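Sharing a structure here in structure tokens format.
For clarity, every value in this text was computed on a predicted model and none was experimentally measured. These numbers come from the heavy atoms of this one structure, side chains and all, not from hydrogens, waters or symmetry mates.
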Amino acid sequence: MKQYKCTVCGYVYDPAVGDADHGIIPGTPFDQVPDDWACPVCGVAKDQFELV
């Protein structure tokens, strides 16, 4: 699965891990993460992430 990195703080969204603290279960591809999801580290919008 493809990983995406926050262009502001460098956090990497790993689909294999997900973001359980925000309701994103492991195995969820980035394109299926809700549009209102934000970076769990710095809070920027999903559109501030780029493919790693």
Side-chain angles (χ1 to χ4, degrees):
M1 287 193 204
K2 298 176 183 175
Q3 296 181 345
Y4 286 78
K5 181 172 78 171
C6 177
T7 59
V8 175
C9 73
Y11 167 82
V12 175
Y13 174 78
D14 182 352
V17 176
D19 182 12
D21 291 340
H22 298 99
I24 311 298
I25 62 170
T28 303
F30 192 73
D31 64 350
Q32 293 181 7
V33 171
D35 290 336
D36 64 349
W37 177 82
C39 177
V41 174
C42 70
V44 299
K46 181 180 170 184
D47 65 358
Q48 297 296 307
F49 280 71
E50 64 184 11
L51 182 62
V52 177

Are Cys42 and Tyr11 close enough that some pair of their side-chain heavy atoms sits under 4.5 Å apart?
->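 No, every pair of side-chain atoms sits at 4.5 Å or beyond.
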Spatial distance of atom SG (Cys39) from atom NZ (Lys5) [nearest 0.5 Å] =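 Separation between the atoms: 12.0 Å.
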Heavy atoms only: give me the nearest Thr28-Ile24 pair and the separation to one decimal.
->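 Nearest heavy atoms, Thr28 then Ile24: CB-CG2, 3.7 Å.
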What is the distance from atom OH of Tyr13 to atom NZ of Lys2, rounded to the nearest 0.5 Å?
->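 One finds 14.0 Å between OH of Tyr13 and NZ of Lys2.
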Give, for atom CD of Gln48 and atom SG of Cys6, the distance between the pair rounded to the nearest 0.5 Å.
->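 The distance works out to 7.5 Å.
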Is it true that Val12 and Phe49 fall in one hydrophobic cluster, defined by side-chain heavy atoms closer than 4.5 Å?
->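 In one cluster: no.
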Please name the pair of heavy atoms, one in Pro26 and one in Val17, separated by the smallest distance, quoted to 0.1 Å.
->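 Nearest pair, atom of Pro26 first, then Val17: CG-O, 3.4 Å.
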Determine the interplanar angle of the Trp37 and Phe30 rings, folded into 0 to 90°, and report it as parallel if under 30°, tilted if 30 to 60°, perpendicular if over 60°.
->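 If you compare the ring of Trp37 with that of Phe30, the planes turn out perpendicular.
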Closest heavy-atom contact between Met1 and Pro15?
->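 That would be SD-CB, 3.1 Å.
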All pairs passing salt bridge (charged side-chain N to carboxylate O under 4.0 Å, His left out) where residues 37-52 contributes a residue, at least two apart |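 Residue pairs passing salt bridge (charged side-chain N to carboxylate O under 4.0 Å, His left out), neighbours aside: Asp35-Lys46.
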Return the set of residues passing salt bridge (Lys or Arg N to Asp or Glu O under 4.0 Å) with Asp36 (not counting sequence neighbours), or none when no residue passes.
->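 Scan of Asp36 (salt bridge (Lys or Arg N to Asp or Glu O under 4.0 Å), adjacent residues dropped) gives none.
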